[in-house]
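Not measured: the values here are computed from a predicted model. Every number for a ligand or one of its atoms is a count from 1 in the order of the listing.
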Amino acid sequence: MPVISVVVPCFDESEVLGAFHDALTAALERTGERFEICYVDDGSTDGTVERLRDLAAAAPQVRYTSFSRNFGKEAAMLAGMRMSRGAVVVLMDADLQHPPELVPRMLQLHRHGYDQVVARRDRTGEGIVRTVLSRAYYRLVRHFTDVEIVDGAGDFRLLSRRAVNAVLSLPEGNRFSKGLFSWVGFDTVSFTYPNVRRAGGRSKWGGRRLINYGIDGLLSFNSRPLRLAIHTGLWLFLSAVLYALWIVANTVLNGVETPGYATLITAVVALSGIQLATLGVIGEYVGRIHHEAKRRPHYVVRETDRSGPARGTAGLPPSAVARVRPEP
Ligand code: UDP
Ligand code: MG
């Protein structure tokens, strides 16, 4: 049985996979421990699977699972953790933004008794707009959720076996790993490393994907946003009552006045806005219930290192293999 399992989700990473694999193997060999590398191909269309097949054929420590289409990084990390057999599991990206040289240091910290070792990146070399928005977002999340989610603490982390088992025991379909890791608890330590640029290929996190991810983070952990709606409603009701009292008093003291058209329209528009936003929040939760109620698996496997290449596609160039595109 390996001591260290490294889980690597890969989506269209054929450009950097070779360099990443060499760097990771070198770093792992330096630890002197038995290790395995669990690659998860998340429905890549650029020949990543073919590379994984070659790597697995060349080294017994390399294992892989390939999805039938793109299911997202969360699903890929879940599949990797399920595959892993090691006493500790390290999760990292394939694009060399998570430096493999840090793995020995994480292992060392784990030996000091920590169940989770988090490597946090700082924000050097990142656009000012993105930095400011991220900071604001994390402040918001901290305010609205019960779990602690730290800025810069991504998915680059080491987990002990019992922490991995705890994460795997959470059954939800809508997985927001940053929150799940924090939810399971255990002693956690973190250290910071300077941000690294992608070694090649493109980031898959465009603006919209990032915003949706952000909404997931806010709503996945509790119903506090709904509580905010209740609070807003109560305050509005209270101010309406006070305003009504003021109007009555004014009418009694000064006689009837012509009612203000502007006040009326402002109140109507403001209230409709709040109602629509609240409806949206409720809708999000209902959507999540609907999603969970279907109890679908998190991903579908096309092939693994055991099953070998999927029938009929072996040897064909990647462009010749029809792939189902993810739903938008
Ligand atoms: N990834 C994945 N599935 C996806 C998107 C990304 O498995 O749908 C993987 C990707 O191959 C990489 C990691 O998740 O190993 C981080 O992705 P990326 O570098 O695009 O994100 P960023 O570093 O820009 O946040
Ligand atoms: Mg990256």
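Counting just the N/O/S atoms of D95, the one with the shortest distance to the Mg ion (ligand 2) is named OD2.
Contact annotation: for N70 versus ligand 1, heavy atoms closer than 4.0 Å belong to the side chain alone. Counting heavy atoms closer than 4.0 Å to ligand 1, residue K73 contributes atoms from both its backbone and its side chain. Residue D93 touches ligand 1 through backbone and side chain together, judged by heavy-atom distances below 4.0 Å. Contacts between C10 and ligand 1 below 4.0 angstrom, taking non-hydrogen atoms only, involve the backbone exclusively.
Of all atoms in ligand 1, numbered sequentially from 1 with element shown, those under 4.0 Å from a heavy atom of D42 are 2 (C), 3 (N), 4 (C), 7 (O), 8 (O). Numbered from 1 in the order shown, with element, the atoms of ligand 1 that lie under 4.0 Å from a heavy atom of Q97 read 19 (O), 22 (P), 23 (O). Near P9, the atoms of ligand 1 lying under 4.0 angstrom from a non-hydrogen atom of the residue are 7 (O), 9 (C), 10 (C), 11 (O), 12 (C), 15 (O). Interface atoms of ligand 1 facing E13, defined by a heavy-atom separation under 4.0 Å, are 10 (C), 11 (O), 12 (C), 15 (O).
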CA sep, side-chain torsions, deciding dist, call: L168, R82, side chain to side chain contact (heavy atoms under 4.5 Å, CB included): CA-CA 7 Å; L168 289 180; R82 283 184 179 160; 3.9 Å; yes

Verdict with supporting geometry, D155 and K73, salt bridge (Lys or Arg N to Asp or Glu O under 4.0 Å): CA-CA 10 Å; D155 302 319; K73 188 184 174 188; 3.0 Å; yes

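Counting backbone and side-chain atoms alike, D93 contributes no N/O/S atom closer than 2.8 Å to the Mg ion (ligand 2).
Taking any N or O of A94, backbone or side chain, at least one lies under 3.5 Å from an N or O belonging to ligand 1.
Side-chain contact annotation: R161 with S84, donor-acceptor N/O pair under 3.5 Å present.
Summarising the geometry, atom NE2 belonging to H112 is positioned 12.0 Å from atom NE2 belonging to H110; distances are rounded to the nearest 0.5 Å.
The number of heavy atoms from other shown groups lying within 6.0 Å of OH (Y193) is above 12. Within 6.0 Å of CZ in R85 there are more than 12 heavy atoms belonging to other residues, nucleotides or ligands.
D115 contributes no side-chain N or O that, together with a main-chain N or O of A163, makes up a donor-acceptor pair within less than 3.5 Å.
Figure legend: cation-pi geometry between R105 and F191, with NZ or CZ positioned under 6.0 Å from the six-membered ring centre and within 45° of its axis.
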